[in-house]
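Numbered from 1 within each chain, the chains take letters A, B, ... in sequence-line order. Just so it is clear, the model here is predicted, and its values are computed rather than measured.
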Amino acid sequence: MDPLYKQYPVHLEDSLRRSKELLTPVSEGRVGMYVCGPTVYSNVHLGNARTFTSFDFIFRYLSHLGYKVRYVRNITDAGHLENDADEGEDKIAKRARLEELEPMEIVQRYTVDFHNVMHQLNALPPSIEPTATGHIVEQIEMIQAIIKSGWAYESNGSVYFDVDAYNHDGGSYGELSGRKMDELQAGSRALDGQDEKRNLADFALWKKASASHIMRWPSPWSIGFPGWHLECSAMSTKYLGEDFDIHGGGMDLKFPHHECEIAQNIATNGKKGARYWMHANMLTLNGKRMSKSTGNTILPKELFNGNNPILVKGFNPSVVRFFMMQAHYSSVLDFSNDALLAAEKGHHKLMSAWSKLQVLSSSKESTWNLQAWLEKCYRSLSDNFNSPILISHLFEAIKVINQSENQIALTASDLELFKQKMDAFVFDILGLQLEEQGTAQNEALDKAMDLVITLRAKARENKDWNTADIIRDQLAAAGIKLKDGAHGTSYEI
RNA sequence: GGUUCCGUGGCCGAGUGGCUAGGCACUGGUCUGCAAAACCAGCUACAGCGGUUCGAGUCCGCUCGGAACCUCCA
């Protein structure tokens, strides 16, 4: 039996070629994927979380297909400057100064926060999660290799990548983002404090630390710290090789970050690094990109607990994930309370149908073409990871499940396969989770509710509508909703 | 100003030239003591103008509107 990836070969949108490409891994059956992780200088916001959720979904699908995936996602804990001018301060160091903490305390605090959030969103941990500070040696080695290539120069203890020289020698800095060098330089003329650079487009590989800079390491050029773009080149090469499969990240990193990565990789070993470059799109709030600096953000924590003025209530992390999965990873998605409310209902409908499926009984014949449905589901996923299309097919299945009692029948083996694949699509690939039944973790409450529901059922039997409605209304006022179904009453908080 | 991209029915959101995306809302129905919930059914749009084509939401051009990047952000 062929692995699933042979049955359903993946085509993915490659930002570099600007086309949909058939995924053909460097090594048959294995996929190396590198995703640019967060800079841990503050709480991750929901926009950050979307990118990592998108790649988690991609990781999950590739794994499901039978690929052995090595998924590397870094933590940037040094070198990310506030801006590119000479006096630019390292984000981590700045935060440490402001909060009067060790930089590593900042790093630790926000790394933990990041992990917590991603765990709540049910994102699987990557295979390797390397840090910039843990790879200073590798970065220094890479700088030496780039200097040797002739495309970097030292200036006052700092080292810069020489973009002009690189492009003059046939390099293609700008090809990923479609930028032309003369335009770039015209556009950035306004910046000052760039004395050390030969050209405005040049970017730092190593920065000499100023006296006040806390994070510093010795190097052949100065006591300093690595440039932000370098860590991803160094770590992707170290763990995935010079020629690996997928490089991912947020759309905002396309330029300059990924452009610089490609140039560094070429300068080091003549290869671009990844064969396919993928970009997850932005999550906007009020039609604008989420941004910490402008305050146009919402934290996942606030979304989960409802503690934000734009929200009427908190939302289950799985609902949030479902909301994200209903849009394609490469499209801008606009966040709103209404959109979340709609997603919550859809999510609930999906999970209810899943529960129904578990207790469905089989028939002698199938009157629904399960295979054709499976085919559609896989085709949508293998077509550039189209989660919204998959979800539309899931809703078709939901209709089937709901109609199963009188119109649609499935054989025992079909039913078994159906259940198995629903689990795969809903939980393993989309990464959704069942809603907790009310706060059913609380056994005492569950028992108390059973009692109340029984009493109300008695009242209803006796046609004591008054009592029954008082119970229902009072509970509703307390935030507990009763649902009368054909097989009794359940509750929801 | 440059680069990249988007503009789809009340809202969100897929659509790689020809066949109903889907969800939410809404309307009608089933169920129910009533309501809610649940389920079923209905609802048919592609910013504007022009062009290519037998045929365009889908390709080309222009206009209008919006976004991201070009300085830190996934």
query: Between B/rU30 and B/rG22, how far is it from one C1' atom to the other, in whole Å?
result: 24 Å
- prompt: Looking only at side-chain N and O atoms, does A/Ser331 come under 4.0 Å of OP1 or OP2 in B/rA14?
  reply: yes
query: Which nucleotide in the set B/rA36, B/rU32, B/rC12 lies at the smallest distance from any side-chain heavy atom of A/Lys483?
result: B/rA36
Proximal nucleotide (of B/rA74, B/rA38, B/rA14) relative to the A/Ala327 side chain: B/rA14
field: Nucleotide B/rA36, atom C1' - distance to CD1 of A/Ile480 in whole Å
entry: 15 Å
query: Just how far, in rounded Å, is P of B/rG33 from CD1 of A/Ile471?
result: 17 Å
- request: Could you tell me how the ring of A/Trp373 sits relative to the ring of A/Trp368: parallel (under 30°), tilted (30 to 60°) or perpendicular (over 60°)?
  value: tilted
field: Nucleotide opposite B/rA37 in a Watson-Crick or G-U pair, distances under 3.5 Å
entry: none
message: Looking at B/rA14, I'd like to know if its phosphate oxygens (OP1 or OP2) sit under 4.0 Å from a side-chain N or O belonging to A/Asn386.
response: no
query: Choosing from B/rA74, B/rG22, B/rC34, which nucleotide comes nearest the side chain of A/Asp469?
result: B/rC34
- prompt: With respect to the phosphate group of B/rC69, does any side-chain polar atom (N or O) of A/Arg289 fall under 4.0 Å of OP1 or OP2?
  reply: yes
query: B/rG23 and B/rA14: how far apart are their C1' atoms, nearest whole angstrom?
result: 11 Å
task: Considering just the side-chain nitrogens and oxygens of A/Lys399, establish if one lies under 4.0 Å of OP1 or OP2 belonging to B/rG22.
output: no
field: A/Ser387 side chain to A/Met325 backbone, donor-acceptor under 3.5 Å
entry: yes
query: Are the side chain of A/Asn296 and the backbone of A/Lys288 linked by a donor-acceptor contact shorter than 3.5 Å?
result: yes
message: What is the separation between atom OH on A/Tyr41 and atom P on B/rC73, rounded to the nearest whole Å?
response: 8 Å
message: Taking only side-chain N and O atoms of A/Lys356, does any of them lie within less than 4.0 angstrom of OP1 or OP2 on B/rC39?
response: no
message: Nearest to the A/Arg456 side chain among B/rA74, B/rC34, B/rG13, which nucleotide is it?
response: B/rC34
- prompt: Would you find a donor on one side and an acceptor on the other, under 3.5 Å apart, between the side chain of A/Asn199 and the backbone of A/Ala201?
  reply: no
message: Of the options B/rC39, B/rG2, B/rA74, whose atoms approach the side-chain atoms of A/Lys349 most closely?
response: B/rC39
- request: Using the P atom as the reference point in each nucleotide, state the distance between B/rU63 and B/rU3 in Å, no decimals.
  value: 14 Å
query: Out of B/rA74, B/rA68, B/rA14, which nucleotide sits closest to the side chain of A/Lys288?
result: B/rA68
task: Take A/Tyr378 and A/His393 through the side-chain hydrogen bond (donor to acceptor under 3.5 Å, both in side chains) test and state the conclusion after the steps.
output: CA-CA 10 Å; A/Tyr378 276 108; A/His393 296 325; over 6 Å; no
- request: Determine, answering yes or no, if A/Trp465 is stacked on B/rG33 under the 5.5 Å centre rule and the 30° plane rule.
  value: yes
task: Write down the distance separating the C1' atoms in B/rG1 and B/rG57, rounded off to the nearest Å.
output: 31 Å
task: Classify the nucleic acid contact of A/His45 as base, sugar-phosphate or nothing, counting any heavy atom under 4.0 Å across all strands shown.
output: base
query: Looking at the side chain of A/Lys345, which of B/rA14, B/rA25, B/rC72 is the nearest nucleotide?
result: B/rA25
statement: Across every strand shown, the nucleotide meeting Watson-Crick or G-U wobble geometry with B/rC31 (both distances under 3.5 Å) is none
task: Any strand is fair game: report the nucleotide pairing with B/rA67 by Watson-Crick or G-U wobble, both distances under 3.5 Å, or none.
output: B/rU4
task: May I ask you to verify if any side-chain N or O of A/Asn281 is less than 4.0 angstrom from the OP1 or OP2 atom of B/rA74?
output: no
- prompt: Can you tell me how far P in B/rA25 sits from the matching atom in B/rC34, rounded to whole Å?
  reply: 23 Å
field: B/rC69 versus B/rU44 - spacing of their P atoms, nearest Å
entry: 39 Å
- line: Atom NE2 of A/His348 and atom C1' of B/rC24 are separated, to the nearest Å, by 14 Å
statement: Separation of B/rG10 atom P from A/Leu341 atom CG, nearest Å, is 20 Å
- request: Quick one: label A/Arg18 by what it contacts on the DNA or RNA (base, sugar-phosphate, nothing), any heavy atom closer than 4.0 Å.
  value: sugar-phosphate
message: Tell me which nucleotide, if any, is Watson-Crick or G-U wobble paired with B/rA25 when both distances must be under 3.5 Å.
response: none
message: Any strand counts, and the cut-off is 3.5 Å on both contacts for Watson-Crick or G-U wobble. Which nucleotide pairs with B/rG55?
response: none
field: Inter-nucleotide C1' distance (B/rU8, B/rA45), Å rounded
entry: 6 Å
message: Both distances below 3.5 Å, Watson-Crick or wobble geometry, any strand: find the nucleotide opposite B/rU20.
response: none
message: For A/Asn48 and A/Phe323, find the nucleotide of RNA chain B closest to each by heavy atoms; which residue's nucleotide sits nearer the 5' end?
response: A/Phe323
- prompt: How many Å lie between CZ on A/Arg50 and C1' on B/rG13, as a whole number?
  reply: 11 Å
message: Would you say A/Gln403 places a side-chain N or O within less than 4.0 Å of OP1 or OP2 belonging to B/rU30?
response: no
task: Could you work out which one of B/rC72, B/rG13, B/rA74 sits closest to the side chain of A/Leu333?
output: B/rG13
message: Nearest to the side chain of A/Ile389, heavy atoms from C-beta on, is which of B/rG33, B/rA74, B/rA21?
response: B/rA21
query: Expressed in angstrom and rounded to an integer, what is the separation of A/Leu176 atom CG from B/rC5 atom P?
result: 12 Å
message: With a 4.0 Å cut-off on N to O distance, would you call A/Glu99 and A/Arg109 a salt bridge?
response: yes
- prompt: For the base of B/rA38, is there a side-chain donor-acceptor partner from A/Asp484 under 3.5 Å away?
  reply: no
message: I want to verify a distance call: between B/rA74, B/rU32, B/rC72, whose nearest atom is closest to the A/Pro256 side chain?
response: B/rC72
- request: Using the C1' atom as the reference point in each nucleotide, state the distance between B/rC54 and B/rC59 in Å, no decimals.
  value: 16 Å
message: Quick check on RNA chain B: between A/Lys20 and A/His347, whose nearest nucleotide comes earlier from the 5' end?
response: A/Lys20
Check: A/His328 side chain, A/Asn384 main-chain N or O, donor-acceptor pair, under 3.5 Å: yes
message: Tell me whether the rings of A/Phe114 and A/Phe52 are parallel (<30°), tilted (30 to 60°) or perpendicular (>60°).
response: perpendicular
task: Take atom NE2 of A/His258 and atom C1' of B/rC72, then tell me their distance rounded to the nearest Å.
output: 15 Å
message: Using a 3.5 Å distance criterion without hydrogens, assess whether the side chain of A/Thr284 forms a donor-acceptor pair with backbone atoms of A/Arg289.
response: no
- prompt: Does any donor-acceptor pair link the side chain of A/Arg472 with the base of B/rC34 at a separation under 3.5 Å?
  reply: yes
